[in-house]
S.K.: 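My questions will all concern the structure given below.
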Amino acid sequence: MSEHDIRVRFAPSPTGPLHIGGVRTALYNYLFARKNGGKFILRIEDTDQTRFVPGAEDYIIRAFDWCGIEFDEGVTKGGDYGPYKQSERKAMYKEYADRLMVSGHAYYAFDTAEELTELRKKFEAKKETFTYNAAERKRLKNSLALTEAETQKLLEANTPFVIRFKMPEDQTVRMDDLIRGTIEVQANVLDDKVLFKSDGMPTYHLANVVDDHLMKISHVIRGEEWLPSLPLHVLLYDAFGWETPQFAHLPLLLKPDGKGKLSKRDGDRLGFPVFPLQWTDPKTGETTRGYREDGYFPEAFINMLALLGWNPGDEREIFSLDEMSAAFSIERVGKSGSRFNPEKAKWFNHQYMLKKSNKELAGQFLPFIKKEGVIADIDYIEKVVGLVKERAHFVHELWDQADFFFKAPSEFDPKAVKKRWKQVSYDQMTELKTLLSGLDNFSSGNAESVVKKWIEEKEYSMGAVLNAFRLLIVGALKGPHLFDIIALIGQEETLRRIEIGLYELGRKE
RNA sequence: GGUCCGUUCGUCUAGCCAGGUCAGGACGCCAGGUUUUCAUCCUGGUAACACGGGUUCAAAUCCCGUACGGACUACCA
């Protein structure tokens, strides 16, 4: 393996279901790896034991599985750079923290969480912000302020400690971001972040830098919320004497209305999912809807997500994962946050509905038909789907568009009856029944030409006859081309429905 | 409050880096056409460079400022 191999990672924390913003971040990493012939790695960042949520890791894996996003290495895949779960790498982090101690880039701090909280409160009362930095560290309980003997004594007494990064003074940190360009920050304004916690676990900052280096990550593509800690990370690479990977910080997903980033509450409030899969909170038992359960096709979901912040530079909008991979480039990712638009999400699903084969759709439609207590042949369902798929956004909407293919109307839309069932209708339909019963060729085309010829010869109103006919067959003024319908349900059923309709609607006085 | 990031139709965005087009496309919405139903589809329309300076013959594009928005500011990631 050469030094220049492209390796990217997605590193979620198993603290709950994966937000669609996270899915998008993973997607961009995946596309970047595919485009550049690189590897895509899934690493679980579970260094916070207090926030562990059972089932979350499994959820994350199932979610990507559904999306069709595959990893080359990671918790489920294995690989040469494992383990891929940080809790299983625990032992090594202390070693790296110690290296920083030795090189003078880090120090022990014995301040308790309570003491620091107290300090922050005091500062706040003075309308100031407490920062653990060069100005303050001398007055606090740490190995920089204490004598060596005092420090040693505390250590020997097993006093809980953390290891903090010693932020350099008077240094300008220069960073390059693939999306935002060059960013400069004065190290003075940064604080001495905790690298190693008193529970023996590293913080995100240490773990992510160590792991990214050890796993030979070439590009760190992550959410914008990490931008403020980028200087720390860059300084950490420097302190270790490691080459920094390239960075790209992705813009946020914003809520459809109002201000701020997209949250679970927006989904509940506006009626759309914020998670790929349904999630049931193990503690509260509360269930949150997912895109899959709402009837979205994974391809549509991914396609919609990809275009939220990225565009190919031409006017294409419908992409398969392969097409997206080929077209993707990090330079074409926008800088500003994207407002999520539920309407367009539906449109995407409709596009995929149109694209999908009738066979595949029929298979997905089958359970809904069974639920209605109807038994139907799969070939028949396929033909039905072909006629109605363009009128639905989701598979679950198909039944409403197609129920009349499976059963005679049980009721007739009163408004339609009022509008289209006239005095003459009864006699005309009776005549039509006779006409149709004599047909040998009941194909859509033949039935249509015979019926229309008859209407013309009798000088009936085309609209009146056809709409009354539709009413008897469908029960409402909706549906595909009428003659396609009767050809599909067949001559016998067509005649039966006319008969039933005649009986139900009767002769209008 | 501090630090950093951002700002083109209602929304997603192209155009910006290498200044010069009636600022283009898509979703939505509106109108017309097709479908003697409804939906699809087709055609057309609606609608934007946050504001103020500067540089220039010329600024959406380059520079500065302002406003607004966002993220971060934990022994969370």
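Order of the sequence lines sets the chain letters (A, B, ...), proteins ahead of strands, with each chain counted from 1.
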S.K.: Any base atoms under 4.0 Å from A:R316, or only sugar-phosphate, or nothing? Heavy atoms, all strands.
M.R.: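 Counting heavy atoms under 4.0 Å across all strands, no contact is made by A:R316.
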S.K.: Any strand is fair game: report the nucleotide pairing with B:G65 by Watson-Crick or G-U wobble, both distances under 3.5 Å, or none.
M.R.: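 B:C51 is the nucleotide pairing with B:G65.
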S.K.: Kindly indicate whether the side chain of A:T129 and the base of B:G2 share any N or O donor-acceptor pair separated by less than 3.5 Å?
M.R.: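 Per atom types, no contact qualifies.
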S.K.: Between B:A71, B:C27, B:C75, spot the one nearest the side chain of A:K197, thanks.
M.R.: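 Closest nucleotide among those given: B:C75.
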S.K.: Looking across every strand, which nucleic acid part, if any, lies under 4.0 Å from A:S461 by heavy atom: base, sugar-phosphate, or nothing?
M.R.: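 If one applies the 4.0 Å heavy-atom cut-off, A:S461 turns out to touch nothing in the nucleic acid.
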S.K.: Using a cut-off of 4.0 Å on non-hydrogen atoms, how would the nucleic acid contact of A:P480 be classed: base, sugar-phosphate, or nothing?
M.R.: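 Base: the residue A:P480, judged by heavy atoms under 4.0 Å, touches a nucleobase.
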S.K.: Classify the nucleic acid contact of A:K346 as base, sugar-phosphate or nothing, counting any heavy atom under 4.0 Å across all strands shown.
M.R.: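 Result for A:K346 = nothing.
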S.K.: What's the closest nucleotide to the side chain of A:E225 if the choices are B:A71, B:C27, B:C75?
M.R.: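 Nucleotide nearest to A:E225's side chain: B:A71.
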S.K.: Using a heavy-atom cut-off of under 4.0 Å over every strand shown, decide if A:D111 touches base, sugar-phosphate, or nothing.
M.R.: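 If one applies the 4.0 Å heavy-atom cut-off, A:D111 turns out to touch a base.
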S.K.: Could you run down nucleotides 4-12 of chain B 5' to 3' and tag each one B, S or - for protein heavy-atom contact under 4.0 Å?
M.R.: SSSS---BS
S.K.: According to the Watson-Crick and G-U wobble definitions, with both distances under 3.5 Å, which nucleotide is paired to B:U37?
M.R.: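 When the pairing criteria are applied, nothing turns out to pair with B:U37, so the answer is none.
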S.K.: Report the distance from atom CD of A:E128 to atom C1' of B:U73, rounded to the nearest whole Å.
M.R.: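 From A:E128 CD to B:U73 C1': 15 Å.
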S.K.: State whether a side-chain donor-acceptor pair under 3.5 Å links A:N208 with A:R9.
M.R.: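 Yes.
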S.K.: Can you check the distance between B:U3 and B:G65, where both ends of the measurement are the P atom (answer in whole Å)?
M.R.: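 Nearest-Å result for B:U3 against B:G65 at atom P: 13 Å.
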S.K.: Taking the six-membered ring of A:F340 as reference, does the NZ or CZ atom of A:K255 fall below 6.0 Å from its centre and within a 45° cone about the axis?
M.R.: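 No; the conditions do not both hold, so A:K255 does not lie above the ring face of A:F340.
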S.K.: Looking at B:A18, which nucleotide sits across from it as a Watson-Crick or G-U wobble partner, both distances under 3.5 angstrom, or is there none?
M.R.: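 None - no nucleotide pairs with B:A18, as no candidate has both distances under 3.5 Å.
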S.K.: Identify whether any heavy atom of A:T203 sits under 4.0 Å from a base atom; if not, whether one sits that close to sugar-phosphate; answer base, sugar-phosphate or nothing.
M.R.: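 If one applies the 4.0 Å heavy-atom cut-off, A:T203 turns out to touch the sugar-phosphate alone, with no base involved.
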S.K.: So which nucleotide does B:A59 pair with, by the Watson-Crick or G-U wobble rule with both distances under 3.5 Å?
M.R.: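 The answer is none; no pair meets the criterion.
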S.K.: Can you tell me the Watson-Crick or wobble partner of B:C27, both distances under 3.5 angstrom?
M.R.: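 B:C27 is paired, partner B:G10.
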S.K.: So which nucleotide from B:C76, B:C75, B:C72 ends up closest to the side chain of A:D48?
M.R.: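 Of all the options, the side chain of A:D48 is nearest to B:C76.
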S.K.: Watson-Crick or G-U wobble partner for B:G1, using a 3.5 Å limit on both distances?
M.R.: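 Per the H-bond distance test, B:U73.
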S.K.: Mind calculating the distance between CG (A:D266) and P (B:G70) to the nearest angstrom?
M.R.: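 Distance check: A:D266 CG to B:G70 P gives 13 Å.
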S.K.: Considering the options A:F406, A:F404, A:F405, A:F394, which one meets the ring-ring contact (aromatic ring centres under 6.0 Å, His included) requirement together with A:W399?
M.R.: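 Output: one option passes, namely A:F406.
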